[in-house]
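Each remark here refers to the structure printed beneath this line.
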Amino acid sequence: MQYLLNEVADHCFGIATDKTGGCVLQVYVNYSQGEVKEHLVSEIIGNAVVLSEDSYGNYVVQHVLGLRIPQLTERLLKRLEGSYVTLSCNKYGSHVVEKCITESNPKQSVWVVGELLKSPHVSMLLLDPFGNFVIQKALSCSKGHIHNALLNLVRMHAPSMRNNLYGKKVLAWFDQNKLKLL
């Protein structure tokens, strides 16, 4: 069995990007132990940026986040560092970024949202078909200064958001949460 799991780990990328393979890989991650599990997870984390943008691979990355193992989450977040804005604008990657925000501890979540806010391209997320969902998730999960920074971002860009289908979705979040724009 260990030989089989090592073979799966060695061919992790191809397996993770296959519809059935991605499901099987998630089961293997759940039931493997020790060095074999470490090998599997290391391969997933090593390919996390590309897997996050894949229609099937993103589920494998989300699964690792969903394990809620602090060391694995930390390694995965570091691997995705510098890619959060790009992933947020990708149909599949945006789900991974949302999961990073919801499945990490509060300090890590602040770090992820902080990277988004520091980007010169953060305002495009407000108008993006997928990025708007990341912003809404960040608004829902954040607190304190990060939450205030997100509120200010939306307030600053509200005029242009009113004329955009996806911007309107972020503005609707304000209405749903009974917050005032100004």
Side-chain angles (χ1 to χ4, degrees), residues 1-119 121-122 124-125 128-143 146:
M1 181 70 160
Q2 194 161 8
Y3 171 78
L4 178 62
L5 290 172
N6 278 321
E7 283 296 308
V8 169
D10 289 342
H11 298 91
C12 173
F13 183 80
I15 294 169
T17 56
D18 176 78
K19 184 177 183 178
T20 305
C23 295
V24 170
L25 191 57
Q26 291 176 51
V27 171
Y28 280 13
V29 167
N30 285 346
Y31 293 105
S32 61
Q33 297 176 349
E35 289 179 24
V36 175
K37 185 171 194 142
E38 176 58 32
H39 188 186
L40 273 171
V41 172
S42 291
E43 289 298 318
I44 293 166
I45 291 171
N47 291 292
V49 175
V50 179
L51 288 174
S52 294
E53 294 180 317
D54 183 77
S55 58
Y56 303 116
N58 81 90
Y59 291 109
V60 176
V61 176
Q62 289 184 64
H63 183 74
V64 171
L65 286 164
L67 295 173
R68 290 185 166 230
I69 299 172
Q71 314 87 281
L72 297 183
T73 301
E74 181 78 22
R75 286 172 49 202
L76 188 51
L77 294 177
K78 286 196 183 303
R79 181 68 181 99
L80 297 175
E81 185 177 9
S83 301
Y84 290 112
V85 172
T86 304
L87 291 173
S88 294
C89 293
N90 177 276
K91 180 177 184 175
Y92 308 109
S94 63
H95 296 294
V96 172
V97 177
E98 287 182 51
K99 192 90 165 185
C100 288
I101 293 168
T102 60
E103 296 293 325
S104 58
N105 68 42
K107 183 179 175 184
Q108 293 167 328
S109 183
V110 164
W111 182 64
V112 172
V113 177
E115 180 178 311
L116 296 174
L117 287 168
K118 290 175 189 165
S119 169
H121 306 292
V122 67
M124 76 179 191
L125 296 180
D128 186 80
F130 311 111
N132 81 88
F133 292 108
V134 173
I135 294 295
Q136 290 177 64
K137 185 63 70 176
L139 281 163
S140 296
C141 296
S142 62
K143 295 178 180 163
I146 289 289

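The structure displayed is predicted, hence computed values, not measured ones.
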Nearest-0.5 Å distance that lies between atom CG in Asp18 and atom SG in Cys23: 9.0 Å
Ser32 (side chain) donor-acceptor with Tyr28 (main chain) under 3.5 angstrom: yes
Pairwise distance CG(Asn47) to CZ(Phe13) - rounded to 0.5 angstrom: 6.0 Å
Exceeds 12 heavy-atom contacts within 6.0 angstrom, atom CD of Glu35: no
Atom pair OG1/CG of Thr102 and Leu65 - distance to nearest 0.5 Å: 8.0 Å
Side-chain (His63) to main-chain (Tyr59) donor-acceptor, under 3.5 angstrom: no
Electrostatic pair Glu103:Lys137 at N-O distance under 4.0 angstrom: no
Heavy-atom check, side chain of Val112 versus side chain of Glu115, under 4.5 Å: no
Shortest non-hydrogen contact from Ser88 toward Ser94: O-CB, 3.4 Å
Side chains of Ser42 and Arg75 in contact at under 4.5 Å (non-hydrogen atoms): yes
Full working for side-chain contact (heavy atoms from CB on, under 4.5 Å) between Lys107 and Val110: CA-CA 5 Å; Lys107 183 179 175 184; Val110 164; 5.8 Å; no
Closest contact, heavy atoms only, Val29 versus Leu40: N-CD1, 4.2 Å
4.5 Å side-chain heavy-atom contact, Val85 and Met124: yes
Residue pair Tyr84 / Val97, side-chain heavy-atom distance below 4.5 Å: yes
Full working for side-chain contact (heavy atoms from CB on, under 4.5 Å) between Phe130 and Asn90: CA-CA 6 Å; Phe130 311 111; Asn90 177 276; 5.8 Å; no
Arg68 and Ser104: side chain donor to acceptor below 3.5 Å: no
Derivation of the side-chain contact (heavy atoms from CB on, under 4.5 Å) call for Leu77 and Cys100: CA-CA 7 Å; Leu77 294 177; Cys100 288; 3.6 Å; yes
Separation of Tyr31 OH from Lys37 NZ (nearest 0.5 Å): 10.5 Å
Stepwise side-chain contact (heavy atoms from CB on, under 4.5 Å) test for Cys89 and Leu125: CA-CA 7 Å; Cys89 293; Leu125 296 180; 3.5 Å; yes
Ile44 versus Cys12, closest heavy-atom pair with distance: CG1-SG, 3.5 Å
Which atom of Leu76 lies closest to which atom of Ala48, heavy atoms considered: CD1-CB, 3.3 Å
Heavy-atom pair with the smallest gap, counting every atom of Thr86 and Glu53: CG2-OE2, 4.1 Å
Val134 side chain near Ile101 side chain, heavy-atom distance below 4.5 Å: yes
Polar contact flag, side-chain donor to acceptor under 3.5 angstrom, Gln26-Asn30: no
Leu139 CG to Ile146 CD1 distance, which is reported to the nearest 0.5 Å: 11.5 Å
Closest contact, heavy atoms only, Gln62 versus Lys99: O-CE, 3.5 Å
Glu43 CD to Leu51 CG distance, which is reported to the nearest 0.5 Å: 10.0 Å
